[in-house]
Structures are given as structure tokens and as C-alpha cells.
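Following: one structure in C-alpha cells, then a few remarks.
What's counted below: heavy atoms across the whole structure, side chains too, no hydrogens, waters or symmetry copies.
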Amino acid sequence: MTLAAAPTDALASARRKAYWGLLPLLFLCYMVAYIDRANVSVAILTMKQQFPSFTDRVVGIGTGIFFIGYFLLEIPGSLICERWSARKWICRIMITWGIVAACTAMVKTPHQFYTVRFLLGLSEAGFFPGVIVFLSHWFTKRDRGRALAYFFVATPIAQLISPKISNALLKFGTPGHSMPLGMHGWQWVYIFWGIPAIVLGIVVLLKLPDHPRDAKFLTDEEKAAMEEQIAAEKAAAALSPRMSVLQAFCHPKVILLTLAYFCTTSANYGLEFFMPTILKDWYALNISQVTTLVLLPPLLALICQLFVGWNSDRTRERRYHAVIPIIVGGTALALTPITRGHLPLTIACFMMLFAGIKGLQPAFWAMPNILLSEVAAAGSIGLINSFGNLGGALGPFVLGDMKERMHSFEPAIYVLCALMYIAAAILYFLGLGRKETDSPCARGSSE
């Protein structure tokens with residue numbers, strides 16, 4: 001081995017170890033977080049039977065109000081991760097949300113449901129952008145798309161794992177099944193999934209290093225090689241004009257990225273929370289059948305996310321890797337009402353929808369770092385995610401409210417479809433993420 005080759009070999013080894021040393025734990029954390037956020041879509045199928053006051057409109061408001069709480073602490077959380085410690089902040093988030101998620105088992109009225117969902121949003125705020133900021137301390141832009149893709153697949157895998165487990169828990173208290181501790185199945189869904197968040201929070205505190213220099217799984221040579229690579233990228237970025245966090249918030253392209261994310265998030269959470277209800281409503285399915293069918297869309301979404309993350313890194317192109325999935329997903333959503341009465345076609349449309357709406361994420365979340373300097377990028381990620389996730393309040397409300405007033409899901413589906421096309425137009429004409437523009441020099445010119 002030559003002296004010149006040694007740093008390269010150490011860097012390659014460090015990158016491999018970083019993928020295996022960091023991403024599995026972050027993946028588990030995000031998977032559990034997503035389940036705690038979305039398991040209401042299954043639990044509500046039997047909650048409605050016990051509490052008739054939980055109408056579709058109440059469910060839409062309750063699932064959406066989570067994102068109001070999420071919005072309030074998202075930006076401060078992302079800045080805390082940048083300037084203090086992602087490890088400690090993620091630990092705090094996970095333990096808090098695990099406790100609050102389990103407390104959802106105690107709700108009996110719509111207002112209690114609204115309150116717990118709001119507190120759950122407050123608890124989880126900062127986790128997602130905090131992880132993105134954390135990964136920027138470990139991986140250069142060249143590797144970040146692939147790292148984000150591995151992280152993002154936690155959401156479709158969460159959707160694959162949770163329905164059948166939740167379905168088994170829902171049987172508690174039904175004829176022929178016991179009621180452990182006198183609680184119904186829907187209560188056990190919330191308690192069961194809250195516990196792993198608390199355990200993983202402790203593991204994060206003990207095992208997740210903030211920077212390569214803190215990693216026990218790297219050798220000294222590997223630590224130095226990875227730190228030097230990150231430092232070199234930061235030094236090159238420093239030669240470009242820098243932005244403050246406040247300037248980033250006022251940047252037109254940051255505002256447009258936020259609007260695009262708001263539109264896609266509205267469709268994502270609206271359909272994710274209500275897909276089980278739509279299938280049950282359109283086809284009179286039982287809960288076991290519903291929890292089987294909802295496994296299919298995440299399978300295709302998983303493949304699409306991995307491909308987009310890998311191919312956008314390989315080609316160093318982000319714009320079309322974000323726009324094309326949105327257009328495909330939006331078109332599938334527009335066709336969904338036409339398929340009513342033909343279950344295989346409806347499921348196929350839902351599969352294409354979620355492949356598109358999940359698949360764009362690795363390419364989309366590479367864009368803020370293309371545009372902005374380090375601290376401003378951290379703040380802008382929090383801004384985009386917090387304001388954008390308010391779409392998670394709009395989408396479920398639109399579906400629940402319009403279903404209540406119009407006695408049909410179809411009008412709301414077309415509203416969410418229109419929002420997806422708006423997002424695609426914004427990202428296309430924004431011009432960010434063209435091939436090779438994510439070099440430091442190009443980033444400066446874009447500013």
C-alpha cells in the first residue's frame with residue numbers, strides 16, 4: 001500500500017463502517033417514530049366502534065393536529081442538533097414521544113384525542129431535520145443521497161411491519177379474545193408501539209456518536225480521513241457567499257421548496273391516514289383484509305426510494321429524480337376514483353401513488369444543502385420540514401371534512417391530486433438539482 005493510497009483506503013473503510021454503524025439505529029428510530037405517528041389509521045377502525053363520536057371529520061382533525069405541534073418546535077430542534085448535540089436531542093425526543101404515544105390509549109373524547117395528538121407532535125418535532133443535519137456531519141453531498149435513501153425506507157418498512165402486528169393487537173377485547181389489564185385492542189396498539197421509542201432513545205444516548213471523531217467503531221486513521229473530507233467540503237463551501245439562517249428563511253427558493261413539500265405532504269398523510277378507511281368504505285372489507293392490502297403500496301415505495309437515492313447519487317442529478325415520481329404518483333391518484341369497484345386496480349393506483357410520493361424524498365432533501373451554507377441549510381431544513389409538514393394537517397382534514405359533508409372521498413382525492421401537480425411544477429421550474437450543480441462552486445452561484 002502506498003502512502004497516497006492509505007488515506008483513500010481509510011476513507012473508503014470509514015464510509016462503509018459509518019453506513020453500518022449509524023444507519024441501522026437511525027432507521028429503527030425513524031421506523032418506530034413513523035409507526036407511532038400513523039398507527040391511528042388502523043387503531044381508529046375499532047375506536048370508532050367504541051366511541052361513535054370519532055367521526056371521519058374528528059379523525060381528520062385529530063391526525064392532522066399532530067403537525068401543528070410538530071411545526072412549533074421543528075426549527076428550534078434542527079438548530080439545536082446543529083449547534084449542540086444531535087445524539088442528546090434525538091434521545092430526548094424519542095423518550096418523550098414514546099411516553100405520549102402510549103398515553104393515547106387513555107383518550108375517550110375527541111378533545112382528549114386532539115390534545116394527545118398535539119402533544120405527540122410537540123414531542124417528535126426536530127427528529128427528522130435533526131437526523132438530516134446529523135448525516136451532514138458524517139457524509140459529503142456525494143454520499144448523502146444514498147444515506148438518506150437508506151434512512152427514508154424506514155417509512156415504507158414501518159407500513160409493512162405495523163399493520164399486521166396492530167391487527168393482532170386489535171383482537172384483544174373482541175369475542176373470543178381476552179382483555180389484558182382490562183384494555184381494548186386499540187389501546188394496546190398505542191402502548192405496544194410507544195415502548196420501543198423509549199428503549200431506542202436510551203440506546204441513541206449511549207451508542208450514537210455526534211461526529212466521526214467520537215466514533216468507537218472507527219480507527220484513528222479512519223476518523224482523520226472522514227473528518228478531513230468533511231472539513232474540505234466545508235472549506236470549499238466557505239469560499240462561496242454564505243447566508244444567515246434569517247436570510248435563508250427569506251430566500252425565495254427556500255420558500256418555494258417549503259410550498260412544494262407542503263403540497264406533497266398534504267397528499268402523503270391524507271391518503272396514508274385514510275387509505276384503510278377508504279378501502280373499508282369502498283369494498284366493505286374486514287380489518288384483517290384491510291391490514292393485508294395496505295402492505296402492498298409500501299413494497300413498491302421501498303423499491304422506488306432505494307432506486308432514487310442510488311441513481312440520483314450516481315448521476316448527480318436531483319431535479320428530475322424528484323419531479324418524475326411526483327407526476328407518476330399524482331397521475332395514479334387522479335385515476336384512483338375511476339377504479340372504484342375494481343379492487344386490484346385501486347390497489348395498483350395506491351401502489352403507484354406511494355411509490356411516487358415516497359420515492360422523491362432522497363432527491364428532494366438533497367436540495368437545501370445544494371442551495372445554502374451549513375448553518376443556513378440546517379435552519380432551512382427545519383423551516384421546510386416544519387411548514388411543509390403543516391400539509392399533514394391539511395390533507396387528513398380535507399379528506400375527513402369533505403367526506404363528512406359530501407359523503408364521498410372522491411372530491412378530496414382530486415384536491416390532493418392538484419396539490420401534487422403544483423409541487424411538481426414548482427420543483428421543475430425552480431431549477432435546483434440539475435446534473436452536477438451540487439458542487440460547492442455551483443452552489444455558490446445558485447445563491
Side-chain angles (χ1 to χ4, degrees), residues 28-56 58-70 92-125 127 154-155 157-174 177-202 269 272-277 280 287-288 290-291 294 392-393 396 400:
L28 286 174
C29 292
Y30 193 33
M31 185 180 72
V32 172
Y34 208 84
I35 292 172
D36 281 331
R37 178 190 302 184
N39 57 17
V40 64
S41 66
V42 174
I44 204 68
L45 296 176
T46 58
M47 285 180 71
K48 286 180 177 180
Q49 297 172 9
Q50 188 174 351
F51 303 115
S53 59
F54 280 69
T55 62
D56 286 328
V58 167
V59 173
I61 294 173
T63 53
I65 205 170
F66 166 93
F67 296 96
I68 306 298
Y70 194 85
R92 192 285 306 163
I93 289 170
M94 296 187 65
I95 292 174
T96 307
W97 99 51
I99 293 170
V100 176
C103 287
T104 312
M106 302 298 109
V107 303
K108 295 181 179 179
T109 68
H111 286 95
Q112 291 174 353
F113 181 55
Y114 300 157
T115 301
V116 172
R117 292 292 298 181
F118 177 77
L119 292 175
L120 186 63
L122 285 177
S123 300
E124 193 186 326
F127 174 80
T155 63
I157 289 181
Q159 292 172 295
L160 287 171
I161 291 174
S162 64
K164 280 302 178 184
I165 296 175
S166 296
N167 180 53
L169 294 169
L170 285 175
K171 292 179 181 178
F172 289 136
T174 60
H177 295 83
S178 62
M179 286 181 60
L181 302 180
M183 290 190 290
H184 293 273
W186 64 265
Q187 294 175 296
W188 281 109
V189 168
Y190 295 122
I191 293 171
F192 178 87
W193 289 115
I195 293 171
I198 299 170
V199 174
L200 284 170
I202 297 170
Y269 285 113
E272 188 166 309
F273 284 130
F274 274 93
M275 181 170 61
T277 303
K280 193 170 184 294
I287 294 176
S288 181
V290 169
T291 54
V294 296

**Prompt:** If you look at every heavy atom in I68 and A393, which pair is closest and at what distance?
**Reply:** CD1-CB, 4.1 Å
**Message:** Is there a side-chain contact between W188 and L181 in this structure, where contact means two heavy atoms from C-beta onward sitting under 4.5 Å apart?
**Reply:** yes
**Request:** Take H184 and T46, measure what side chain to side chain contact (heavy atoms under 4.5 Å, CB included) needs, and give me the verdict at the end.
**Result:** CA-CA 9 Å; H184 293 273; T46 58; over 6 Å; no
**Prompt:** Which value, rounded to the nearest 0.5 Å, describes the distance between K280 atom NZ and T291 atom OG1?
**Reply:** 12.0 Å
**Message:** Whether the side chain of E124 engages the backbone of L120 through a donor-acceptor N/O pair (distance < 3.5 Å, no angle test) should be reported.
**Reply:** no
**Request:** With side chain to side chain contact (heavy atoms under 4.5 Å, CB included) as the test, would you mind laying out the steps for N167 and V42 before giving the verdict?
**Result:** CA-CA 8 Å; N167 180 53; V42 174; 5.6 Å; no
**Request:** Quick one: sort the Y269 and F67 rings into parallel, tilted or perpendicular, breaks at 30° and 60°.
**Result:** tilted
**Complete:** Minimal heavy-atom distance between I93 and S123, with the atoms involved, is CG2-O, 3.3 Å
**Asked** Of all heavy-atom pairs between A197 and G98, which one has the smallest distance, and what is that distance?
**Response** CB-CA, 3.7 Å
**Fill in**
All heavy atoms of G194 vs all of A101, minimum pair found to be CA-CB, 4.4 Å
**Minimum heavy-atom distance between L45 and P276, given as atom pair plus value** = CD1-CB, 4.4 Å
**Fill in**
Here the gap from T155 atom OG1 to L160 atom CG, rounded to the nearest 0.5 Å, amounts to 9.5 Å
**Item:** Check: F51 and W186 side chains under 4.5 Å, non-hydrogen atoms
**Value:** yes
**Message:** For a 4.5 angstrom cut-off between non-hydrogen side-chain atoms, does K48 reach T277?
**Reply:** yes
**Item:** I165 side chain reached by F192 side chain, heavy atoms, under 4.5 Å
**Value:** yes
**Item:** Spacing of Y190 atom OH and M47 atom CE [to the nearest 0.5 Å]
**Value:** 4.5 Å
**Prompt:** Within the distance-only criterion (no hydrogens, no angle test), does the side chain of Q112 pair as donor or acceptor with the backbone N or O of V107 below 3.5 angstrom?
**Reply:** no
**Complete:** Nearest heavy-atom approach of V32 to W193 is CG1-O, 3.9 Å
**Prompt:** Does K164 NZ have over 12 foreign heavy atoms under 6.0 Å away?
**Reply:** yes
**Point-to-point distance, once rounded to the nearest 0.5 Å, from CE of M94 to CD1 of I202** = 10.0 Å
**Request:** Taking the side chain as every heavy atom from C-beta outward, state whether F172 and M183 have any pair of such atoms under 4.5 Å apart.
**Result:** no
**Message:** When you compare the side chain of F113 with that of I65, does any pair of heavy atoms fall below 4.5 Å?
**Reply:** no
**Request:** Could you walk me through whether F274 and D56 pass the side chain to side chain contact (heavy atoms under 4.5 Å, CB included) test, one step at a time?
**Result:** CA-CA 9 Å; F274 274 93; D56 286 328; 4.1 Å; yes
**Nearest-0.5 Å distance that lies between atom CD in Q50 and atom CD in Q187** = 6.5 Å
**Message:** Any heavy-atom pair between the side chains of I61 and Y114 that's under 4.5 Å?
**Reply:** yes
**Request:** Using the side chain to side chain contact (heavy atoms under 4.5 Å, CB included) rule, take N39 and S162 through it: C-alpha gap first, then chi angles, then the decisive distance, then the call.
**Result:** CA-CA 8 Å; N39 57 17; S162 64; 5.8 Å; no
**Request:** Mind telling me whether Y30 and Y34 have parallel, tilted or perpendicular rings, with 30° and 60° as the class edges?
**Result:** perpendicular
